[in-house]
Amino acid sequence: MGVFALTLRLFHAEVRKLLLIIGLAVSFIILFQCFSFSYGKIFVPSPTSKISVVKLVINATTLNDSNMAELFINVVANDTNGSDPEEEARYKHNTLEANTGSDSSSEVNRYLDGSFSKFKDQNSHERKSKPRITQVAAKGLQSSNLSSGTSSSFLGANLSSPRNAETSIGTQHTNFKPLQIESAISVSQMNSLLLQSIDSSRSLRPRRSSARDRELLSARLEIGNARVSRKVPVLHASVYQNISKFERSYEMMEQILKVYIYKEGVKPIFHQPKMRGIYASEGWFMKLMEGNKKFVVKDPRRAHLFYLPFSSNMLRSALNGQDFQHVKDLQKYLKDYVELIAGKYSFWNRTGGADHFLVACHDWAINLTKNIRSCIRALCNSNAAKGFEIGKDTTLPVTYIRSMEAPLENLGGKPPSERNILAFFAGGMHGYLRPILLQYWQNKESDMKIFGPMPRDVEGKRKYREHMKSSKYCICAKGYEVHTPRVVESIYYECVPVIISDNYVPPFFEVLNWEAFAILVQEKDIPSLRNILLSIPEEKYLEMHARVKLVQRHFLWHKRPVKYDLFHMILHSVWYNRVFHIKTR
């Protein structure tokens, strides 16, 4: 009996030792997989940092360029110091749900490998004197070890979404074969898409034709047959796609357009405009629309358009509150609202929402409204590659309003002869693109004033304005999303905008000829930015500067709207898209 008990105890001891050895072996394997250089090193900023949006997967065996390492460190350092608090707050609680429905994991990775893949072929001469950067951060980073002939992949995080960073890390492959890349949509391609959308409108044919439909069809015919005109007293043909069509369309809008505003919806998400900050455009439009007597009617049967008066900014702010725990809750909230008005009124169902519109400036609006996207959406986040429908949707300009009482304060800038700075940019390191801009051009040339975030005190804001007022070209580099308030700021301060944001559809694209007064640079061409600007003849620059002043009136808010101002231009874009997409039985 004693021998049996002793044997049993020894057996148990051996089993425990064996289990301990197995446990240690498994732990060692897991640690080796996580931290071995051959599989990559995960660099994650502290969760207590000011904004933790950067997660990078670095293959250390190919990181031979110290400048490249410096670039990634700068992304983290600058995003945790001096960023715009409003822009930080909007991503603080960002989740994967915010991007569901727009990208599968394979589509995300394909997008991540985007803009900078062509650096190797098109900018080899630049890289002889510049750090080798072929792809970066959200677009992915691809680098070749020329000495060994091997290729490795750096998969970075989409800086607009912390959860996207986790997705990038979680879906990395041991096979580093580059993915197929879709090129950015050019302006000419956008024009083609606009024409195609008119020719093949997918708007639902109304169940029954109404007098309002016939009025819109008549307006469409008149606009299409507008007489050719090179100049009109207050407008200049050079800044428009077709001055005659625009002038006639605007006149028809003033003559016949009527809008019904739904009374349903409770504050603060509905009927409560916020008129300061980076999302002020949606608030100003709501305030001026609800107070308008010329276009607004109380009888919905007289309306050509129906306005859904909600604030995407206030809806986003409700996330993580008592009623909304997930982005899908916000989407469902809007869908439930539409179902409410569709059940109470007959107008939504008659056209499938084609004669309804919303105005939303928050970055998430393009995704929050995906369940009601049959209506016309005026969106700040007009990304043609991620759900923005050219021809149906329209771009809402981003206007950063600091004073409700004086929205036109400090308007204007110096004459061209006194603008001694070639190009200017200052801003937080939001997204993947701005660190690249600084890597190439910060402190490189005396006439290129490219900075990170400026102080947000009174003096810092004054210096920012003075730089814009003193520069020939103002760089409008995208942040987390394709849009930026710098486009309107440039026009406001009479500085020629240089837009660097692939797939961004500029405001009022339906009627304005952006190439007449702005420079559109593809993201892959950042290394050549200075050469591009220097290659523009002085005569052409002077023409563009003059056209910026001509188009400025379309981007100004007035407490009492005036003809051709920003309020009327937003409304006109909605009207124009409805007129050219209406269908009858």
Side-chain angles (χ1 to χ4, degrees), residues 234 246 249-265 267-300 302-315 355-362 365 375-380 393-409 411 483 485 487-489 491-492 507-508 510-512 551-578:
V234 294
F246 171 65
S249 177
Y250 193 95
E251 289 174 352
M252 297 296 293
M253 178 188 76
E254 288 188 315
Q255 290 172 15
I256 71 171
L257 176 62
K258 299 301 177 187
V259 178
Y260 179 76
I261 304 174
Y262 286 105
K263 308 301 180 187
E264 287 73 17
K267 296 180 179 180
I269 295 175
F270 290 86
H271 306 289
Q272 183 168 310
K274 185 177 180 181
M275 301 176 68
R276 293 183 64 234
I278 199 168
Y279 306 121
S281 291
E282 66 178 27
W284 273 79
F285 182 86
M286 183 188 296
K287 175 74 172 179
L288 298 177
M289 189 78 256
E290 291 192 321
N292 189 275
K293 295 180 180 180
K294 178 179 179 61
F295 297 109
V296 175
V297 292
K298 294 182 179 180
D299 182 357
R302 296 179 55 203
H304 304 90
L305 291 168
F306 298 81
Y307 175 42
L308 307 176
F310 88 98
S311 166
S312 63
N313 187 20
M314 298 305 294
L315 180 62
D355 54 0
H356 288 58
F357 74 99
L358 59 88
V359 177
C361 196
H362 195 278
C375 70
I376 301 168
R377 300 179 299 173
L379 301 170
C380 288
D393 298 329
T394 185
T395 303
L396 180 65
V398 187
T399 55
Y400 200 145
I401 302 299
R402 294 172 173 81
S403 171
M404 290 173 51
E405 299 302 319
L408 303 183
E409 189 177 19
L411 180 66
H483 57 291
V487 175
V488 174
E489 286 177 342
I491 296 171
Y492 193 92
F508 315 134
E510 305 84 2
V511 296
L512 292 183
V551 83
Q552 185 185 68
R553 64 187 303 163
H554 297 319
F555 294 89
L556 303 179
W557 289 114
H558 297 271
K559 296 175 73 173
R560 293 185 178 181
V562 301
K563 192 169 184 175
Y564 297 123
D565 71 351
L566 188 46
F567 168 75
H568 286 100
M569 289 298 290
I570 295 169
L571 187 60
H572 176 266
S573 285
V574 175
W575 148 268
Y576 189 89
N577 284 1
R578 175 56 183 157

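In this chain, numbering begins with 1 at the start of the sequence shown. Computation of the quantities below employed the complete heavy-atom set of this structure, encompassing side-chain atoms and omitting hydrogens, waters and symmetry-equivalent molecules. Not measured: the values here are computed from a predicted model.
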Quick one: does L358's side chain get under 4.5 Å of C375's, heavy atoms only?
-> yes
Of the non-hydrogen atoms in P309 and Y262, which two are nearest, and what is the gap between them?
-> CG-O, 3.5 Å
Do the side chain of R276 and the main chain of R402 share a donor and acceptor less than 3.5 angstrom apart?
-> yes
Between CG on residue L556 and CG on residue D565, distance to nearest 0.5 Å = 8.0 Å
Angle class for the H554/F246 ring planes (parallel below 30°, perpendicular above 60°, tilted otherwise)?
-> perpendicular
What distance do I278 atom CD1 and H362 atom NE2 have between them, rounded to the nearest 0.5 Å?
-> 9.5 Å
When rounded to the nearest 0.5 Å, the distance separating NE2 of H568 from CG of L288 is 9.0 Å
Does some side-chain heavy atom of M275 sit less than 4.5 Å from a side-chain heavy atom of K287?
-> yes
Sidechain-backbone polar pair: Y492 side chain, L408 backbone, donor-acceptor under 3.5 Å | yes
Looking only at side chains, do T399 and W284 share a donor and an acceptor under 3.5 Å apart?
-> no
Contacts of type salt bridge (Lys or Arg N to Asp or Glu O under 4.0 Å), residue K293, not counting sequence neighbours = none
Rounded to the nearest 0.5 Å, what's the gap from CE on M253 to CG on L305? Could you check?
-> 10.5 Å
For M289, side chain to side chain contact (heavy atoms under 4.5 Å, CB included) partners two or more places apart = V259, I261, F285, N292, F295, V296, Y307, F567, L571
Do W575 side-chain atoms and S249 backbone N/O form a donor-acceptor pair below 3.5 Å?
-> yes
How close do V297 and A303 get, heavy atom to heavy atom, and via which atoms?
-> CG2-CB, 4.2 Å
State, with a plain yes or no, whether a side-chain heavy atom of V488 is found less than 4.5 Å away from one of V398.
-> no
Can you list the residues that meet the ring pair (Phe, Tyr, Trp, His ring centres under 6.0 Å) rule with H271, with sequence neighbours excluded?
-> none
Where is the tightest heavy-atom contact between I256 and H304, given as atom of each residue plus distance?
-> O-CE1, 2.8 Å
Heavy-atom closest pair, residues C380 and H483 | O-CB, 3.2 Å
Does the gap between the ring centers of F508 and F555 come in under 6.0 Å?
-> yes
Side-chain (N313) to main-chain (C361) donor-acceptor, under 3.5 angstrom = no
Do the side chain of K258 and the main chain of K294 share a donor and acceptor less than 3.5 angstrom apart?
-> yes
Considering non-hydrogen atoms only, spot the tightest contact between D299 and Y260 and give its length.
-> C-CD1, 4.3 Å
Which pair of heavy atoms, one from L566 and one from P397, lies closest together, and at what distance?
-> CD1-CG, 3.6 Å
Within a strict 4.5 Å, meaning less than it, do heavy atoms of the D355 and I376 side chains meet?
-> no
Side chain to side chain, Q552 and L411, heavy atoms closer than 4.5 Å = yes
Using a distance-only test with no angle check, is there a side-chain donor-acceptor pair under 3.5 angstrom linking S311 and Q272?
-> no
Does E282 come within less than 4.0 Å of K274, counting only side-chain N to carboxylate O?
-> no
CE-CD distance between M569 and E510, expressed to the nearest 0.5 angstrom | 8.5 Å
